[in-house]
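First listed ligand is number 1; within each ligand, the first listed atom is number 1.
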Amino acid sequence: MITCQGKSVFSGVAIGKIFVYKKAENTVEKYQIEDPAAEFERFKAAQAKAITQLQALYEKTCKDIGEEEAMIFEMHQQLLEDLDYVESIQGIIENDKLNAEYAVFVTAEQFAAMFIAMNDEYMSGRAVDVKDVSERVISILNGSQVSAEAMPEPVIILAEDLAPSETVQFEKDKLLAFVTQKGSANSHTAILARMMNLPSLVTTDIELNMEYHDKMAIVDGFTGKIYIEPDEVTMAEMKEKQKRAEERRRMLQTLKGLPTVTKSGKHVHLYANIGGVEDVDAVLENDCEGIGLFRSEFLYLGREDYPSEEEQFEAYKTVISRMAGKKVIIRTLDIGADKQADYFNIAKEENPALGFRAIRICLERVDMFKTQLRAIYRASAYGKASIMFPMIISVSEIIRIKEIVEEVKEELRQNDIPFGDVELGIMVETPAAVMISDQLAAEVEFFSIGTNDLTQYTLAIDRQNQALEPFYDAHHDAVLRMIQKTIENAHAHGAWCGICGELGADMELTRRFVQMGIDELSVSPPFTLELRKKIREID
Ligand code: PEP
Ligand code: MG
C-alpha cells in the first residue's frame, strides 16, 4: 500500500480505480519505426476511433442543442477522412519511417499553414479545425485522451493539475474523486469538485506514474490522504468511515423542508452555487431555496466557439423552469484568469487575474454581452430570474450596464418577446467595490459578496498559488471588516446582501455573518443542509 498526502478541498471517502490523466498538449515525440505497415494500421485505428467519437458528439449535440451547432463534428469527421490528409500521414510513416503521432502533427501543421496562406476568413477557420481533429487523433495514439469511452466505470482522476475547461469535460457520473499534484483550494477546479460532491485533494505528494493507472485506491477527503492498493485493514476502516458519512448525510435529510431561521427568528436565505444545468438535481435534492450564483461562464468553457443565444436560452430556461418560481441569480460571463477559452482570443497577460476579464470583456464586446443578456431575459419569462455582474469597480460601469440592459429589453419589446421582472445586482469582489459600496448600493437591488476574489485582492494573494499558503488567512480581519462594511452600506441604501464565495460555507463564521446581518448565503449544494442545521442552532 502506498499512502500520499494532499490538501483536501472536499470531504467524503471515495473508493475505486485510478485514472491517470495526462494533458493532451503533451509534446509530440518523433522517433523512427521499424514496421511502417503496422504503424499506419495504428494510425487507421486511432482515426476510426476519433471518427466514432465525433459521430457520438454529433448525435449528442444534435439532441441537446441543435443540428446547426452539431455540424462542426460532421465537418471534423470529413476532415479526418480527407484523402490528401491521410496520404500525407501515410507518406511520412512509410517514406520517412516516422511514428504516427509525429506524422499527424506535421501534416496538421502543414495543412493549417496552407489554409492560413489562402487569406480567407473561412479557410483560416479550417486551420483551427484541422489542428483540433489532429490533436484528438494524437491524444488517442499516445493514450492521453480522456473520454467517456476511456472511463468505463467511475474513477479517481489523478492529474498534475486541472484547468476548469478540462474539468467541465469529464462526465460527472464517471467521477469518484480528483487528486492533483498541483492546484489550490480556491481554484475553480476545487470549487467544481465541491459542487459535484467529490472528495478531492490538491497539492498531493504523489507521482504521476502510469503504473498507478487502473490500480485500486481510496481517497479520504477528511484527512487529505490517498491510499493506493490499500491493505485490508485500511479498506475496512475506510468503508466504515464512508458508512458514517452516509449516515450523517441521511440524518441531514430530516432538515429538508424546514426553514433556515435562527432560534431568535432571523431568516437567512440559503441558496446554491451551480455551474450548469446538470447541477440542478443536486440543488433540488438538497432543498436549496434558490440559486444564488449560476456561474454562466462554464457554458463557454471546454468548447471551440461561443454558445449561441439559443443554446444559452435553453440552459437558462431549463434551470429557471426547474426551480419553479424560486430565485435564480445568473452571473454574467466571468471569463478570464484561470477560466480561459481560446476562441475569445485574449492577448496573453502578465497578470490575468488583474487583467482583461469578466465585465471588462463584456463592456468592450457589447454584441457578445447583449447575446447573453437577451438569452437571460427571454428565459426570465419562465420563472424568477435575477442577474448579477462580476468584477465591478465603479458606478459608471453599472450605469453603462443598465443602458445596455435597457437596449436589450427594448429590442425584445419591439419583437413582442416576453420577459419577466428581473432583479439586478452586482458581485462585490474588489476592494474598490467595498469602498464605494454606499454609492453602488443606490444603483442596484442586491449585492453578492465574492469572497474568493475579494480575499485575493484584499490580501494581494493569488488564489491559484498554493505556495502562498503560509501567508493566507481566510479569516483575516481585513476581509471580515470589508464584509461588514458592505452589508451595512447595502442595508443603508435599501439593497439586500449575500455571500456567494466559498467563505459563505465556512461554518466557523456562520454566527458572525448572521450577527453582521447577512441576508443570504449561497454555497455548493452539498453544504446546504449542514449550514441549515448550523443556522437553526444559532440563538
Ligand atoms: C468569488 O470570487 O468569490 C466568486 C464567487 O466568484 P468566482 O469564484 O467564480 O471568481
Ligand atoms: Mg470571483
Side-chain angles (χ1 to χ4, degrees), residues 9-10 162-165 167-168 183-196 202 271-276 279 288 290-301 328-341 351-362 386-393 397 425-434 437 446-465 472 474-476 478-480 482-483 486-487 497-506 509 513 518 520-525 527:
V9 297
F10 191 64
L162 289 167
S165 55
T167 314
V168 294
S184 88
N186 281 318
S187 67
H188 283 93
T189 292
I191 290 171
L192 278 166
R194 282 179 214 121
M195 284 197 299
M196 293 193 257
V202 292
Y271 292 168
N273 295 347
I274 67 163
D279 297 325
C288 309
I291 290 172
L293 168 62
F294 180 168
R295 288 183 162 94
S296 69
E297 59 278 7
F298 287 133
L299 299 177
Y300 292 68
L301 296 183
V328 176
I329 304 177
I330 300 169
R331 171 175 77 185
T332 56
L333 179 67
D334 185 15
I335 209 97
D338 63 327
K339 291 176 284 196
Q340 296 287 349
N351 284 309
L354 305 179
F356 188 51
R357 56 174 291 198
I359 200 66
R360 300 169 185 177
I361 300 180
C362 291
S386 304
I387 305 181
M388 67 177 171
F389 304 96
M391 292 294 294
I392 294 295
I393 56 165
E397 286 168 340
I426 58 162
M427 295 211 44
V428 173
E429 52 184 346
T430 61
V434 175
S437 48
F446 70 95
F447 284 162
S448 188
I449 306 178
T451 52
N452 309 334
D453 278 316
L454 185 58
T455 306
Q456 123 163 302
Y457 298 130
T458 303
L459 305 184
I461 288 188
D462 177 358
R463 65 193 268 195
Q464 299 293 117
N465 189 345
Y472 184 80
H475 295 188
H476 198 295
V479 176
L480 296 177
M482 293 230 175
I483 296 173
T486 306
I487 298 171
C497 185
I499 297 178
C500 63
E502 298 298 288
L503 210 58
D506 185 331
L509 292 173
F513 291 149
I518 202 76
E520 174 242 24
L521 291 170
S522 189
V523 299
S524 292
F527 291 134

Centroid separation F527 to F10 less than 6.0 Å: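 Ring-ring flag for F527/F10: true, centres closer than 6.0 Å.
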
Pair R360 + E397: basic N to acidic O under 4.0 Å: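 Between E397 and R360 there is no salt bridge, as every charged N stays at least 4.0 Å from the carboxylate O atoms.
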
Side-chain ion pair, R357 and D453, N-O less than 4.0 Å: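 Here R357 pairs with D453 in a salt bridge, since their nearest N and O are under 4.0 Å apart.
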
Per-residue contact class, [X] against ligand 1 - non-hydrogen pairs under 4.0 Å:
X: R463; result: side chain
X: N273; result: neither
X: I191; result: side chain

Nitrogen or oxygen of R357 less than 3.5 angstrom from that of ligand 1: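 No: no nitrogen or oxygen of R357 is under 3.5 Å from one in ligand 1.
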
Hey, are [Y] and [X] close enough side-chain-wise for a donor-acceptor pair under 3.5 Å?
X: S524; Y: N273; value: no
X: D506; Y: H475; value: yes
X: T167; Y: T189; value: yes

Looking at [X], which atoms of ligand 1 are within less than 4.0 Å of one of its heavy atoms?
X: L293; answer: 5 (C)
X: E429; answer: 1 (C), 2 (O), 6 (O)
X: G501; answer: 3 (O), 5 (C)
X: G450; answer: 1 (C), 2 (O), 3 (O)

Close approach of K339 to ligand 1, heavy atoms, under 4.0 angstrom: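 Right, K339 reaches ligand 1.
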
R331 to ligand 1, any heavy atom closer than 4.0 Å: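 Heavy atoms of R331 do come under 4.0 Å of ligand 1.
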
E429 near the Mg ion (ligand 2) via N/O/S, less than 2.8 Å: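 It does: E429 brings an N, O or S atom closer than 2.8 Å to the Mg ion (ligand 2).
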
R463 and H188, any side-chain heavy atoms less than 4.5 Å apart: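 Contact flag for H188/R463 side chains = yes.
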
Non-hydrogen side-chain atoms of E520 and I499 separated by less than 4.5 Å: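 Answer no - side chains too far apart.
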
Atom of D453 nearest the Mg ion (ligand 2) (restricted to N/O/S, atom name only):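 Relative to the Mg ion (ligand 2), the closest nitrogen, oxygen or sulfur of D453 carries the name OD2.
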
Heavy-atom proximity to atom 5 (C) of ligand 1, best of H188, E297, R295: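 Minimum heavy-atom distance to atom 5 (C) of ligand 1 goes to R295.
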
Over all atoms of both residues, closest heavy-atom pair of L333 and P390: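 Scanning both residues, the minimum pair turns out to be O-CG, 3.8 Å.
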
